[in-house]
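Just below is one structure, and these are the notes that go with it.
Because only heavy atoms are used, hydrogens play no part in the values below, and waters and symmetry mates are left out as well, while side chains stay in. Fair warning: this is a prediction, and the values are worked out from it, not measured in the lab. A note on names: the letters A, B, ... follow the listed sequences, proteins ahead of strands, and every chain is numbered from 1.
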Protein chains: 2
Amino acid sequence: MRQSKRTQILDAAFRVVQRAGVRAVTFESVAAESGLTKGGLLYHFPSREALLEAMHGHMAQRWEEELEGAVGGAAGEVSARERSAAYAAVTARSSTRAELLLMLEGANEPAMCAPWHGVLERWAPAPVSAEPSRRELEAFVHRLAADGLWLYESLAERPLDPRVRRRVAEYLAAASAEGPEEDEDGDA
Amino acid sequence: MRQSKRTQILDAAFRVVQRAGVRAVTFESVAAESGLTKGGLLYHFPSREALLEAMHGHMAQRWEEELEGAVGGAAGEVSARERSAAYAAVTARSSTRAELLLMLEGANEPAMCAPWHGVLERWAPAPVSAEPSRRELEAFVHRLAADGLWLYESLAERPLDPRVRRRVAEYLAAASAEGPEEDEDGDA
DNA sequence: CAAACTGTACCGGATGGAAGGTACAGTTTG
DNA sequence: CAAACTGTACCTTCCATCCGGTACAGTTTG
């Protein structure tokens, strides 16, 4: 068997989104970007919908892998605080506008967003209780700030000054580390 | 002169984006949503591009008005802290997925994003210095958290529990208020 | 005052091209 | 061999855009 170029196609599709938005994802544009032909794409993805769905799945999978790499294990094996810190760190360093666009555009269709809803639920869930503790609240606010940074870099004309960016990252990391350790294992 | 339905059209276009994304903004869909016809839309907006551009401008204008309403004056007339608090408050209460989608999709074209880049620059700018003070850093982090909340509510399958949401808003508001007042006027 | 005129706001259908999707016969490569 | 493609041709739907025409408010002019 020849080596499949499936992931190569998906990566090309992400570049198209990054450059020109989800709307620009057509069989023709992705074929040109990936160096394959329209027929070749259709071999892997029978429809545009299927291609977009695969992009969501691919994104979620890479995301989970990066998070697991950051903590050195699966989500269920580490504490809530470690997961939270890993989320902030990973989000701060490897979030792209393409991912944001894809997620927002697919947020209405369950088949699209199910994969990354899982990731978010495992690694950076919203407070479970309606009356969260100060610790839970701060953890959530820091998750939101990490997401805000992601958004910022996707919208700004120029990227944030790297030194400011590092100070923000440090601030969020320090905040997740301070205070006494609560005993809490992962399988909630 | 008859009363123009221009803003009515723009509002309808936002509803289309909210429901089905930027891609779904066609003359037909917006015509149906607004109760006018394709020809009527074309009278106001000579092209699809022009319609999208007008949406960006309209959004920025309403945004600025809400911010000015929150502080009771123009951006140049109040302190940096007031602007920052107003930004968090307004963002937390009246941010929609449609706005986010529109901004992200138009972030590459200067003609689209110029209006709201102005709003952001006036009301919630990133730290000017590469070595920001702790105060500046925290203000920026809280802006990011407000944006993160915006993103959260645009992506989640269910809206955040209102009580949690209020606690987050209170947390951000309290954080912007504490500490000694620095003397700083608006016209930087 | 009223007929004539002007310009804005809007209707509704026609058109042409771009893009999704189908079909299938040939080619490369592990 | 068989999976993984290439390449071409074609159909169909959708959608941006164009444009001739209608309704009507306001203004001019006799």
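Across the interface with DNA chain C, nearest-nucleotide mapping of B/R23 and B/I9 shows B/I9 to be the residue nearer the 5′ end.
Considering only side-chain atoms of B/T26, the nucleotide from C/dG20, D/dT6, D/dC15 that sits closest is D/dC15. For A/L42, taking side-chain heavy atoms from C-beta onward, the closest of the listed nucleotides C/dG12, D/dG7, C/dT22 is C/dT22. The side chain of B/K5 lies closest to C/dC10, out of D/dT17, C/dC10, D/dC15.
Searching all strands for a Watson-Crick or G-U wobble partner of D/dG30 with both distances below 3.5 Å returns C/dC1. Under the Watson-Crick and G-U wobble criteria, each requiring two contacts below 3.5 Å, nucleotide C/dG20 is paired to D/dC11. Within the shown strands, C/dC10 is the pairing partner of D/dG21 under the Watson-Crick or G-U definition, both distances less than 3.5 Å. The partner of C/dT15, taking Watson-Crick or G-U wobble pairs whose two distances both stay under 3.5 Å, is D/dA16.
Look at B/R15 and B/D11 and you find no salt bridge, because none of the NZ, NE, NH1 or NH2 atoms lies under 4.0 Å from a carboxylate O. Note on A/R167 versus B/E131: no salt bridge recorded, every NZ/NE/NH1/NH2 to OD/OE distance being 4.0 Å or above. A salt bridge is absent between A/E153 and A/R97; no separation between the charged side-chain nitrogens and carboxylate oxygens falls under 4.0 Å.
At the heavy-atom level, A/F27 lies under 4.0 Å from the strands shown only through sugar-phosphate atoms. Among the atoms of the strands shown, only primed sugar atoms or phosphate atoms (P, OP1, OP2) are found under 4.0 Å from some heavy atom of A/V25.
Atom P of nucleotide C/dG20 and atom NE2 of A/H44 are separated by 18 Å, given to the nearest angstrom. Between B/F45 atom CZ and D/dT17 atom C1' there is a gap of 16 Å when expressed in whole angstrom units. To the nearest angstrom, C1' of C/dT8 lies 15 Å from CZ of B/R6. Atom NZ in A/K38 sits roughly 11 Å away from atom C1' in D/dT8 (whole-Å rounding). Atom pair B/E28:CD and C/dA14:P shows a separation of 14 Å (rounding to whole Å applied). In this structure, the CG atom of B/L41 is 10 Å from the P atom of C/dC10, given to the nearest Å. Note: OH (A/Y43) to P (C/dG20) measures 21 Å, nearest angstrom. Separating the CZ atom of B/R48 from the P atom of D/dA16 is a distance of 6 Å, rounded to the nearest angstrom.
Between A/W116 and A/H56, the ring planes are parallel. Angles under 30° get that label, and only those over 60° would be called perpendicular. B/F14 and B/H58 have tilted rings, their planes meeting at an angle from 30° to 60° on a 0 to 90° scale.
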